[in-house]
Protein chains: 2
Amino acid sequence: MAKKPELDDFRVPFFDADKKLKPFDLSAIDPSSKPFSLGSKDEDRERLAAIGAQLDDLQEKLHAQRHRRVLLVLQGMDTSGKDGTVRAVFHDVDPLGLRIVPFKAPSEREASHDFLWRVHSQASAAGEFAIFNRSHYEDVLVPRVLKSIDDDECERRYRHIRQFESLLADSGTTIVKCFLHISKDEQRERLQARIDDPTKHWKFDVSDIEARKQCGAYEQAYENLLGATSTDYAPWYIIPGNSKTHRNVMVAELLLRTMQGMKLEFSPAKESLKGLKVE
Amino acid sequence: MAKKPELDDFRVPFFDADKKLKPFDLSAIDPSSKPFSLGSKDEDRERLAAIGAQLDDLQEKLHAQRHRRVLLVLQGMDTSGKDGTVRAVFHDVDPLGLRIVPFKAPSEREASHDFLWRVHSQASAAGEFAIFNRSHYEDVLVPRVLKSIDDDECERRYRHIRQFESLLADSGTTIVKCFLHISKDEQRERLQARIDDPTKHWKFDVSDIEARKQCGAYEQAYENLLGATSTDYAPWYIIPGNSKTHRNVMVAELLLRTMQGMKLEFSPAKESLKGLKVE
């Protein structure tokens with residue numbers, strides 16, 4: 001019998017400052033595999049709903065405590081399913097406790113600061129679950145592929161990212177980072193579907209075709225950043241994402257395990273309220 | 001047969017600059033009435049789910065167009081159900097298109113600006129549905145009850161609020177404002193429930209008891225602001241809220257009608273994409 005897959009098998013090895021920077025080899029993980037599937041789509045959807053209810057409960061405790069914080073970073077190529085993951089995994093989680101932060105190309109004002117300036121201002125507050133839909137990792141992707149930053153600057157940015165995430169972690173933020181991994185064929189199908197359906201045209205931009213032509217360079221930039229920024233306080237996980245159902249259930253399992261590990265509980269009852277009657 | 005209730009029957013009459021300021025008489029609407037209930041809780045929940053799916057669809061179009069904006073303002077006394085409304089009414093709406101903004105007591109920095117400064121920065125962006133959980137209306141409530149602003153300042157604030165909301169409306173924002181209306185008895189029961197259940201202690205603060213002692217003054221402050229700031233571009237609605245199920249279904253009906261009135265459609269298909277094949 002095959003070994004049951006563990007989430008840790010999909011975690012990118014931690015960056016080791018004593019060793020030479022080692023890119024993570026994405027080809028080691030098959031994007032069409034479904035290691036966390038229970039068998040059928042129906043079973044997976046049932047499991048997703050069950051986890052959703054548990055996440056909702058954990059998030060209420062997080063919110064009630066107003067002490068710890070959670071940050072989920074979602075990255076992936078165009079059409080890899082960042083939006084869809086948020087929609088499916090958080091369907092049953094109270095929107096009051098979530099803050100979803102989409103990062104687009106920086107504005108002129110944002111670009112006039114250091115690259116972490118706009119990101120820092122969006123960090124999770126006490127009791128908050130923040131989701132970065134794209135993130136500061138775009139700043140070691142696009143400029144890398146367009147060659148507007150050189151190797152040295154890129155390595156400096158990796159270091160600044162590690163240090164920034166360590167600041168967040170030291171201040172009580174639990175960080176999880178997911179790379180949604182799809183194949184080139186799957187991306188073609190999804191882009192084509194956006195072109196063929198006029199109600200999906202708003203999701204499509206011709207620049208997506210240009211980016212696709214450079215997908216080898218993007219993949220390499222991802223392999224570099226994954227190897228350089230996976231740490232014990234902010235680990236990267238590779239999520240096989242050709243199957244949307246599998247992607248959702250795996251991200252949900254990962255968040256469930258992460259939040260269960262936080263030992264979230266309601267604060268003890270306030271003794272001063274015992275027996276208090278409202279008039 | 002009794003006349004079927006209309007949403008407009010619960011709309012606060014519009015402020016008329018030519019007439020003397022007229023407070024809205026809250027006692028005219030029974031907080032325990034259920035005008036938009038279909039009969040049973042089950043039927044109401046079914047209706048709520050059906051509206052939820054329609055709101056999700058409308059919100060996707062809003063988001064796809066990236067042009068119009070929606071702003072929902074939720075106000076009400078402590079325990080009136082602002083959080084619960086967000087949770088129930090938006091359960092099926094994609095969290096990616098929502099932004100929920102809770103307003104607490106202003107920070108020192110916020111208080112060092114005019115009272116609309118922090119609010120303006122949170123206004124809905126193009127394609128966005130923003131929900132203000134409390135709002136700038138707190139600034140004509142608490143300071144009014146505590147008498148830290150006088151009549152003249154309060155009237156100036158009403159005027160600034162009308163002008164501010166007119167700026168938002170002129171820039172493409174559809175504004176709906178709901179006052180969640182509960183009775184004093186209902187509030188006592190809900191506060192007591194928070195005291196009696198330790199897992200709800202985090203929602204309770206002894207200042208809630210102090211505020212309750214002044215609820216007459218708060219009610220008067222509400223009646224004044226409702227009369228002064230209901231306009232055709234940013235109307236106030238009174239939501240009978242002793243029944244949570246009714247409250248949810250009525251707010252949902254109101255939002256559905258409002259968004260249907262916006263005539264939201266996907267933008268026309270992009271001709272340039274016709275026949276395009278992804279390689």
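Every chain is numbered from 1 and lettered A, B, ... according to where its sequence line falls, protein lines coming before strand lines.
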Tell me, yes or no, whether the heavy-atom count around [X] atom [atom1], taken from other residues, nucleotides or ligands under 6.0 Å, exceeds 12.
{"X": "B/Glu253", "atom1": "CD", "value": "yes"}
{"X": "B/Glu46", "atom1": "CD", "value": "no"}
{"X": "A/Lys270", "atom1": "NZ", "value": "yes"}

Rounded distance (nearest 0.5 Å) linking atom [atom1] of [X] with atom [atom2] of [Y]:
{"X": "B/Asp196", "Y": "A/Leu273", "atom1": "CG", "atom2": "CG", "value": "9.5 Å"}
{"X": "B/Leu98", "Y": "A/Leu98", "atom1": "CG", "atom2": "CG", "value": "10.0 Å"}
{"X": "A/Lys61", "Y": "B/Trp202", "atom1": "NZ", "atom2": "CH2", "value": "12.5 Å"}

Please look at [X] and chain A and tell me whether the side chain, the backbone, both or neither of the residue comes under 4.5 angstrom of a heavy atom of that chain.
{"X": "B/Leu276", "answer": "both"}
{"X": "B/Arg66", "answer": "side chain"}
{"X": "B/Gln65", "answer": "neither"}
{"X": "B/Lys277", "answer": "both"}
{"X": "B/Asp56", "answer": "side chain"}
{"X": "B/Asp92", "answer": "both"}

**Message:** So, using side chain to side chain contact (heavy atoms under 4.5 Å, CB included) as the criterion, who are the partners of A/Ser80 when residues are at least two apart?
**Reply:**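 Checked A/Ser80 against side chain to side chain contact (heavy atoms under 4.5 Å, CB included); matches are A/Lys82, A/Leu180, A/Ile182.
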
**Request:** Report the residues that fulfil side chain to side chain contact (heavy atoms under 4.5 Å, CB included) with B/Ile209, sequence neighbours left out, ordered by chain and then residue number.
**Result:**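 By the side chain to side chain contact (heavy atoms under 4.5 Å, CB included) rule, B/Ile209 matches A/Val278, B/Phe204, B/Lys213.
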
**Prompt:** Where is the tightest heavy-atom contact between B/Pro95 and A/Arg87, given as atom of each residue plus distance?
**Reply:**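 Nearest heavy atoms, B/Pro95 then A/Arg87: CD-CA, 4.5 Å.
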
**Message:** I'd like to know if the side chain of B/His201 and the backbone of A/Ala269 have a donor-acceptor N/O pair within less than 3.5 Å.
**Reply:**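 A pair under 3.5 Å: no.
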
**Request:** Report, by ascending residue number, the residues of residues 186-195 of chain A in heavy-atom contact with chain B at a distance under 4.5 Å; give 'none' if the set is empty.
**Result:**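 Within residues 186-195 of chain A, the residues that come under 4.5 Å of chain B (heavy atoms only) are A/Arg188, A/Leu191, A/Gln192, A/Ile195.
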
**Asked** Hey, which residues of residues 104-113 of chain A are touching chain B, say heavy atoms under 4.5 Å apart?
**Response**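 So the qualifying residues are A/Lys104.
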
**Asked** Is it the backbone or the side chain of A/Leu96 that comes under 4.5 Å from a heavy atom of chain B, or both, or neither?
**Response**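 Contact with chain B involves both backbone and side-chain atoms of A/Leu96.
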
**Prompt:** Which residue out of B/Lys200, B/Arg99, B/Glu279 racks up the most heavy-atom pairs below 4.5 Å with chain A?
**Reply:**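 Winner by heavy-atom pair count: B/Glu279.
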
